[in-house]
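Labels below follow one simple rule: chain letters A, B, ... track the order of the sequence lines, proteins then strands, and each chain is numbered from 1. Since the structure is predicted, the reported quantities are computational estimates derived from the model, not experimental observations. FYI, side chains are in, hydrogens and waters are out, and symmetry mates aren't considered; it's all heavy atoms of this structure.
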Amino acid sequence: MFNVHLIPMAENIQHNSRNYRNIRKKLLPWFSRFQRLLPWRENRNWYTVWVSEVMLQQTRVEQVIPFFNRFMKAFPDVWKLADAPRQNVLKLWQGLGYYSRAGNMHRAAQIIVDTYHGRLPETLKEVRRLPGFGEYTGRSVLSLAFNQPLAVVDGNVKRVLARLFADETDTRPSASNRHFQILADRLLDRDHPAVFNEAMMELGALVCTPSNPGCNSCPLQLHCRAHSHGETAKFPVRSAAPAKRVVHSICAIIICDNKLLLARKPDKGLLGGMWEFPQIEITPVVDSGNRPDNLRIMKKIPQAVYLRKLQYITHTYTHFRAIVHPLLLNVEKEIELVGNGYSEIRWTVTEQLKKYPLPGWMLKLIKRESELLKIIADGNVKKIPVAGHVSVAYK
DNA sequence: AAAGCGGGGAC
DNA sequence: GTCCCAGCTTT
């Protein structure tokens with residue numbers, strides 16, 4: 001006769017099945033009303049789910065949308081993706097970052113076509129063997145595409161769970177995923193796993209945001225331990241990120257007639273498979289004028305005539321900050337540039353630059369120096385104003 | 001367990 | 001400027 005349980009008090013917000021049921025009962029209607037209209041939510045199948053989930057790794061929804069649409073138009077099914085040249089896949093990924101995702105997807109597509117006749121294997125154990133299918137992606141594709149009862153744990157889910165249960169586990173280490181996976185497994189709505197997983201992530205993206213969470217419009221407000229304690233700002237607990245290093249490098253823009261030298265980075269490692277003007281790292285910078293460092297690159301390309309240096313480019317990566325100092329060089333004949341750590345060298349006219357997959361700092365540089373590139377394209381290298389000189393006597 | 005791996009938007 | 005995002009792979 002006393003319906004005290006209809007109003008969950010802080011003390012009643014526990015890990016128990018009644019509370020879980022109440023949470024699911026609030027969460028799913030909220031999702032059906034407030035979910036966003038997203039391209040990968042139309043005509044859903046495992047391929048569209050897969051492409052979107054991979055693109056969404058460490059990447060916001062708004063940033064992914066145009067990339068997803070272009071990608072699906074170019075590679076509408078797994079056979080088209082498997083048959084495409086790697087460079088085409090990388091080009092579609094240009095600007096999205098974490099380029100190994102594109103290579104892994106491409107390899108996985110070929111395995112799916114060659115070994116599984118173009119069908120995705122439908123067990124977690126099997127999909128986890130495919131390149132790029134980690135614990136999250138394996139679970140999300142099987143859950144969202146086939147409605148399998150597999151709970152997912154991403155950044156959103158960890159944040160929602162940490163606040164919901166005032167859980168003090170440090171969410172930064174990847175090892176914390178194991179802890180939150182157990183909580184998510186228990187909370188999962190096994191009757192509606194796909195909707196539940198999407199609802200948890202959507203709640204984290206739209207309401208239970210990292211800063212200034214919208215608790216007043218949250219369907220789980222009455223069930224949230226952090227909110228009931230007035231401590232939403234304290235959750236999730238997250239240790240500080242390590243400091244970023246600063247790395248200086250020189251890149252050589254080598255001109256031969258109306259062509260430029262482009263180099264392809266090895267498939268593994270930073271910006272794997274992408275093309276750039278060849279670089280050498282010069283950290284630590286020797287002096288403020290960079291003169292000895294300019295000499296270092298001139299020694300590597302003794303055939304080159306030094307024209308001038310351009311304004312540096314700064315670019316921030318996940319774990320370091322890069323400062324690239326471009327040098328403009330001129331050669332009479334197309335040189336080889338051997339033993340440089342690159343997988344391939346190609347001389348290209350400036351109009352063809354846009355055909356190559358280029359990293360962000362290259363796009364910045366090309367945009368800033370568009371006038372210069374135009375002069376080169378017209379074959380007017382001699383009209384480029386020369387500033388400074390590095391003597392070959394220093395070789 | 002820890003480190004390497006992009007880019008952009010919110011604050 | 002700092003933080004963090006629908007994480008995976010390698011060591």
### Message
Students often mix this up, so state it plainly: with edges at 30° and 60°, are the rings of A/H325 and A/H248 parallel, tilted or perpendicular?
### Response
parallel
### Task
Establish, for the pair A/R70 and A/F67, whether the NZ or CZ atom is under 6.0 angstrom from the six-membered ring centre and no further than 45 degrees off its axis.
yes
### Task
Report yes if a donor N or O on one partner sits less than 3.5 Å from an acceptor N or O on the other, where the partners are the side chain of A/R238 and the base of C/dC3; otherwise report no.
no
#### Entry: Options C/dC4, C/dA6, B/dG7, nucleotide nearest the side-chain atoms of A/R172
C/dC4
### Sugar-phosphate, base or nothing in reach of A/R41, heavy atoms under 4.0 Å
base
### Message
Applying a 4.0 Å non-hydrogen cut-off, can you work out what A/T137 is touching in the nucleic acid: base, sugar-phosphate, or nothing?
### Response
sugar-phosphate
### Query
Roughly how many Å is it from CZ in A/F68 to C1' in C/dC5, rounded to a whole number?
18 Å
### Query
In whole angstroms, how far is the P atom of C/dC4 from the CG atom of A/D154?
14 Å
### Message
Distance check needed: C/dA6 P versus A/Q63 CD, whole Å only.
### Response
11 Å
### Earlier contact from the 5' end, DNA chain B, for A/Y317 and A/S211
A/Y317
### Task
Could you give me the CA-CA distance, side-chain angles and deciding distance for A/Y317 and A/F320, then say whether ring pair (Phe, Tyr, Trp, His ring centres under 6.0 Å) is met?
CA-CA 5 Å; A/Y317 295 94; A/F320 69 95; 4.9 Å; yes
Are there any protein N/O atoms within less than 3.5 Å of an N/O atom in nucleotides 2-5 of chain B, and if so, which ones and at what distance?
from	atom 1	to	atom 2	distance (Å)
B/dC5	OP1	A/L270	N	3.2
B/dC5	OP2	A/H319	NE2	2.9

### Message
Checking contacts here: which listed nucleotide (C/dG7, B/dG7, C/dA6) is nearest the side-chain heavy atoms of A/E202?
### Response
C/dA6
### Sugar-phosphate, base or nothing in reach of A/V64, heavy atoms under 4.0 Å
nothing
### Task
Can you spot which of A/L142, A/L144, A/I112, A/V127 makes a side-chain contact (heavy atoms from CB on, under 4.5 Å) with A/W46?
A/I112
### Query
Under 4.0 Å between a side-chain N or O of A/Q58 and OP1 or OP2 of C/dC5?
no
### Task
Look up atom CD1 in A/I23 and atom CG in A/L28, then write down how far apart they are to the nearest 0.5 Å.
12.0 Å
### Task
Just call it for A/W40: base, sugar-phosphate, or nothing, with non-hydrogen atoms closer than 4.0 Å on any strand.
base
## Note on the structure
DNA chain C nearest-nucleotide lookup for A/M201 and A/K268: closer to the 5′ end is A/M201
### Query
Residues two or more places apart in sequence or in another chain: which of them pass side chain to side chain donor-acceptor pair (under 3.5 Å) with A/T350?
none
